[in-house]
Each structure stands twice: as structure tokens, then as C-alpha cells.
Colleague: 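Got a structure for you, written out below as C-alpha cells; questions coming shortly.
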Amino acid sequence: MMSVWAGPLLRLFALALIALIVGSFHSATAGWALLAAGLVLVYAYHLLQLARLTRWLDLACRGKPGKVPESTGGWGDAFAALHRLRRDEQTGRERLSDSLDRLGQAAEALPDGIVLLDPQLRIEWCNSAATRQLRIDAVRDRGVLIRHLVREPAFAEYLQSERQGEPIVIRSASPPERTLSLSLIPFAESSRLLISRDITILERADTVRRDFVANVSHELRTPLTVIVGFLEGLVAGDAFEKADLIRQYALMYDQALRMERLVKDLLTLSALDDTQPPSNEELIDMPALLAALVEEGRALSSGMHELGLDISAGNLQGSREELRSAFSNLISNALRYTSADGTISVSWALRDGLPVFEVADNGIGIAPEHIQRLTERFYRVDKGRSSATGGTGLGLAIVKHILIRHQAKLEIESTPGKGSTFRAVFPVARLP
Ligand code: ADP
């Protein structure tokens with residue numbers, strides 16, 4: 001305060017003193033003239049500063065503020081304070097804009113769709129997940145009623161109901177088919193937030209899980225029915241011929257073995273599901289492993305098939321136990337789906353620099369429409385033949401799992417009546 005007043009007052013006092021001295025030594029007129037001229041100069045100086053301030057404020061109001069004027073004395077202090085004020089305001093605005101940007105980025109990063117709705121349920125804003133899921137355009141559809149864009153009848157009913165807040169599930173009929181969970185959440189005065197979540201994969205997983213449980217129950221029920229039926233006869237005291245008894249025991253034994261194989265395969269699948277990529281990585285001596293597997297295959301075939309082995313690649317990095325199970329499954333399938341006198345060729349070679357394990361047979365082959373589905377759990381082309389040869393319908397699902405864990409690809413080529421080739425193509429990184 002003092003600095004604002006002190007300078008001008010001091011200068012006025014000095015001017016009055018000089019005018020008084022001039023008036024005393026010259027004439028009173030000269031003194032008054034000097035005082036008047038001095039005051040006019042002071043007034044003109046203040047007018048000039050005021051004009052600079054007004055021009056700056058005028059530009060600032062039009063959104064184009066230039067540099068804050070500079071001056072000395074009281075005006076200098078005022079301009080400096082204005083400069084600080086402007087700088088603080090600019091920093092505050094930048095911070096606010098940064099925060100808004102970050103909020104916008106966070107909303108964009110969300111996997112869930114968010115739509116801001118006004119009290120009449122018109123669209124105010126939406127993030128890109130909502131654009132993808134509900135096909136709303138944040139710019140084009142601004143101000144449009146949400147029910148005009150999400151046209152499923154269940155959603156229109158939901159908007160009218162008291163159930164808002166609880167999610168509803170809608171299925172979009174137009175491709176790509178997907179299932180969305182939508183919730184309308186009140187916020188601020190009477191605005192609403194529409195949250196959409198794509199639950200297509202979750203729903204599909206749930207269906208797979210339910211189908212799996214139903215399949216397992218069905219697979220176990222058949223052998224159990226046979227065993228229980230026979231045991232019922234025994235418990236009831238039915239009389240059996242010795243030969244009949246032996247035949248029934250053999251049947252029960254077969255069914256028990258079938259259940260054992262099924263449980264073993266289920267446990268293998270669940271162990272593969274549970275664990276991360278193979279923890280027991282090692283350098284596998286592929287020539288030795290394949291020679292042993294082909295020997296086992298020959299024993300299994302009891303000389304009915306011709307089994308050849310051709311090795312031109314070396315060792316492989318991976319889980320010996322898992323790959324042994326995958327390769328053995330493919331060889332056993334080739335034997336089971338190739339009639340006696342058929343030929344099976346096993347090879348391990350580099351193809352375009354990639355290590356490839358291949359089992360080719362000249363067996364019954366597979367029609368093209370089945371090939372895509374062979375690795376699904378319990379999928380069989382001919383259930384009778386699969387069961388008769390001790391199949392569980394889980395072999396190729398296990399193979400696929402193991403190969404995925406080794407970043408390898410399963411290729412299947414087949415011609416009905418001519419034969420099939422199953423190939424496991426490994427990445428070059430698996431070579432030592
Ligand atoms: P399964 O225990 O029934 O053999 P897999 O999962 O091993 O189950 O195979 C799934 C189905 O794929 C089989 O039921 C069979 O129809 C078909 N399949 C597998 N390997 C061959 C093959 N080498 N030749 C013909 N069909 C095959």
C-alpha cells in the first residue's frame with residue numbers, strides 16, 4: 001500500500017517544491033506554470049498506462065491475451081501482479097486440462113462401454129468401447145435418445161422398469177453376434193450412466209463348461225449302467241452259468257477300464273489346464289523318444305500294420321513327458337483308425353527350417369466337415385469305432401493343449417478312404 005502511495009506523493013511533493021522555488025526566485029506565474037505542466041505530464045503518464053492496461057484487457061476478453069505490459073513504480077507493481085495472476089490462471093487451466101485428458105484416457109482404456117445420458121436419456125458422451133459394443137458414435141449420435149440406437153425390446157422394457165441398476169443381458173441379433181450386459185446407473189441430479197460389458201466369451205465359456213459336465217456324465221453313465229445292471233443280477237441271487245459269469249465279468253472289466261481311461265484323460269486335461277507353459281523344460285533326445293514310441297506302436301499293432309520311422313532332425317527343447325503323451329496319442333490314433341495291413345509313417349524333419357513331427361496313415365480318413373472340430377473334447381466322427389478301440393474322445397484335445405503349451409501348431413490333412421496326416425509344427429525357438 002505504502003509503495004503505491006509513497007512514490008507518486010513524493011514526486012508530487014518534489015514538483016510542488018520546485019514550483020515554489022521557481023515562483024519565489026522568478027515570478028509566481030512561472031511557478032504556477034511549472035506546477036501545471038508537471039501535473040499535465042503526470043496525468044498523461046497515467047492515461048498512457050491506463051490505455052495499455054485497457055488494450056491488454058480488451059484482447060484478453062477476446063481470448064487473445066498478449067504479453068502483460070511492463071512499467072515502473074506503482075503501475076509496474078500492478079502489471080507484475082497481473083502477470084502473476086495470469087501465469088497462475090494459465091497453470092491452473094493446464095492442470096485442469098491435463099486432469100480432463102487423463103480422465104478421458106482412463107475412460108477410453110476401460111474395456112467396458114460408458115455412455116453419459118441426460119435426464120431424458122439422450123446421449124451426451126460415450127467412450128470407444130461403447131462405440132464398438134453398442135455402435136454409438138460419440139459425435140454423430142449426441143442428443144439422440146438411447147432407445148433409438150439400442151433397439152432390443154428387452155432394453156426398451158428395462159428403461160421403463162424399476163430394475164435399473166441391476167444388469168440386464170441382451171443378445172445382438174445382427175452380426176457379429178454378441179451378448180452384452182447393460183446397467184443403467186443414476187448419477188448427479190437425474191443423469192444416468194449406461195455401462196455395457198461384452199460377456200460373449202464368458203457366456204461361451206459357461207456353455208462349454210455345461211456341455212463338458214453333461215458329456216462327462218454321459219460318458220460315465222454308459223459303462224456304469226452295464227456294471228450296475230450286472231451287479232443287480234448278482235445281488236438278486238440270479239443263477240448264472242460259469243461261462244456266462246466269466247463273460248459278464250469280462251464285460252464289467254472292459255467297462256471299468258473304459259472309465260479308468262476316461263478319468264485318466266480328464267485328469268491329464270485338467271493338469272494341462274492348471275499349469276502354466278511346461279515347467280519341466282528339458283532337451284529331448286527326439287530320435288530316442290520316437291524310436292521308443294514306434295516300438296510301442298508296433299507292439300500295440302501286433303504286426304498288423306507296417307510302421308515306418310524317418311528321422312532327419314535333431315533334439316527339441318520342451319517337456320518330454322507332455323510331448324511323449326501327444327506323439328503317442330497321434331500314433332495310437334493312426335493305428336486305431338487304419339485297418340490291418342495299413343501303413344503308418346512317422347517322421348521327424350525340418351520343413352522350411354521348422355521342426356515338424358508327422359504321422360501319416362492310409363486308414364479310413366476324415367470328411368472335411370469334421371476336421372475343424374476334431375480337437376473339441378469328446379468330438380468323434382464315429383462314436384462306435386472310437387469306443388470299440390478304447391477311445392475316450394479326449395486324445396486330440398490333449399494333443400492340441402500340449403502343442404499350444406509348446407507354441408506349436410497342429411495341422412490335419414485327410415481324405416476319406418485314403419488316409420490322414422497329423423502334423424505338429426514347432427517354432428524354430430524350440431530347437432536347441
Ligand atoms: P478318440 O479317443 O475318439 O480317438 P481323439 O480325440 O483322439 O478321440 O480323436 C477324435 C476323433 O478324430 C476320433 O474319434 C476319430 O473320429 C478322429 N480321428 C483321430 N485320428 C484319426 C485318424 N488317424 N484317422 C481317422 N480319424 C481319426
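Values in this document were obtained by computation on a predicted structure and should not be read as measured data. Order of appearance sets the numbers: ligands from 1, and atoms from 1 within every ligand.
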Colleague: Considering T389, I412, N333, N362 one by one, which has a heavy atom nearer to atom 19 (C) of ligand 1 than any of the others?
Modeller: N333
Colleague: Measure the distance from atom 12 (O) of ligand 1 to every protein heavy atom, then report the residue, atom name and distance (to 0.1 Å) of the closest one.
Modeller: L374 CD2, 3.3 Å
Colleague: Please determine whether side-chain hydrogen bond (donor to acceptor under 3.5 Å, both in side chains) holds for the pair T392 and D265, giving the CA-CA distance in whole Å, both sets of side-chain angles, and the decisive distance to 0.1 Å.
Modeller: CA-CA 8 Å; T392 58; D265 279 358; 2.6 Å; yes
Colleague: Check each atom of ligand 1 against the heavy atoms of R380 and keep those under 4.0 Å away; list them by number with element.
Modeller: 3 (O), 14 (O)
Colleague: Please list the nearest protein heavy atom to atom 3 (O) of ligand 1 with its residue and the distance rounded to 0.1 Å.
Modeller: S386 OG, 2.5 Å
Colleague: S319 vs H406, test: side-chain contact (heavy atoms from CB on, under 4.5 Å). Steps then yes/no.
Modeller: CA-CA 8 Å; S319 158; H406 286 79; 3.9 Å; yes
Colleague: I need the atoms of ligand 1 closer than 4.0 Å to a non-hydrogen atom of G391, numbered in the order shown.
Modeller: 2 (O)
Colleague: Does ligand 1 have a heavy atom under 4.0 Å from the side chain of K383, from its backbone, from both, or from neither?
Modeller: neither
Colleague: Can you give me the closest heavy-atom contact between T343 and N362, atom names plus distance?
Modeller: N-OD1, 2.8 Å
Colleague: Will you find, in the side chains of D273 and H401, an N or O donor that is under 3.5 Å from an N or O acceptor?
Modeller: yes
Colleague: Please list, in number order, the atoms of ligand 1 under 4.0 Å from a heavy atom of R336.
Modeller: 1 (P), 2 (O), 4 (O)
Colleague: Under the criterion salt bridge (Lys or Arg N to Asp or Glu O under 4.0 Å), I'd like the reasoning laid out for R132 against D112: C-alpha separation, chi angles, the key distance, then a yes or no.
Modeller: CA-CA 10 Å; R132 277 195 311 277; D112 291 350; over 6 Å; no
Colleague: Of the side chain and backbone of L396, name the one, both, or neither that has a heavy atom under 4.0 Å from an atom of ligand 1.
Modeller: both
Colleague: Let me confirm one number: the CZ-CZ distance from R86 to F79, rounded to the nearest 0.5 Å.
Modeller: 14.0 Å
Colleague: Which of the numbered atoms in ligand 1 are below 4.0 angstrom from a heavy atom of V381?
Modeller: 14 (O), 16 (O)
Colleague: Nearest to atom 13 (C) of ligand 1, what protein heavy atom do you find, and at what distance?
Modeller: Y337 OH, 3.4 Å
Colleague: Which is it for Y379 and ligand 1 at heavy atoms under 4.0 Å: side chain, backbone, both or neither?
Modeller: backbone
Colleague: Show which atoms of ligand 1 fall inside a sub-4.0 Å distance from at least one heavy-atom site of S420.
Modeller: 24 (N), 25 (C)
Colleague: If you have a sec, work out which protein heavy atom is nearest atom 8 (O) of ligand 1 and how many Å separate them, to one decimal?
Modeller: G393 CA, 3.2 Å
Colleague: So, S386 and R380: side-chain donor and acceptor under 3.5 Å apart, yes or no?
Modeller: yes
Colleague: Considering only heavy atoms, does D361 approach ligand 1 within less than 4.0 Å through its side chain, its backbone, both, or neither?
Modeller: side chain
Colleague: Report, in ascending order of atom number, the atoms of ligand 1 lying under 4.0 Å from any heavy atom of G395.
Modeller: 5 (P), 6 (O), 7 (O)
Colleague: Exactly one of R430, R405, R320 should register a salt bridge (charged side-chain N to carboxylate O under 4.0 Å, His left out) with E281. Which one does?
Modeller: R430
Colleague: Going by atom types alone, do R93 and Q90 pair a side-chain donor with an acceptor below 3.5 Å?
Modeller: no
Colleague: Where is the nearest protein heavy atom to atom 26 (N) of ligand 1: which residue, which atom, and how far?
Modeller: I366 CG1, 3.3 Å
Colleague: Under 6.0 Å between ring centres: does that hold for F426 and F357?
Modeller: no
Colleague: List ligand 1 atoms under 4.0 Å from T392, heavy atoms only on the residue side.
Modeller: 2 (O)
Colleague: Taking the six-membered ring of F212 as reference, does the cationic atom of R377 (NZ for Lys, CZ for Arg) lie under 6.0 Å from its centre and within 45° of its axis?
Modeller: yes
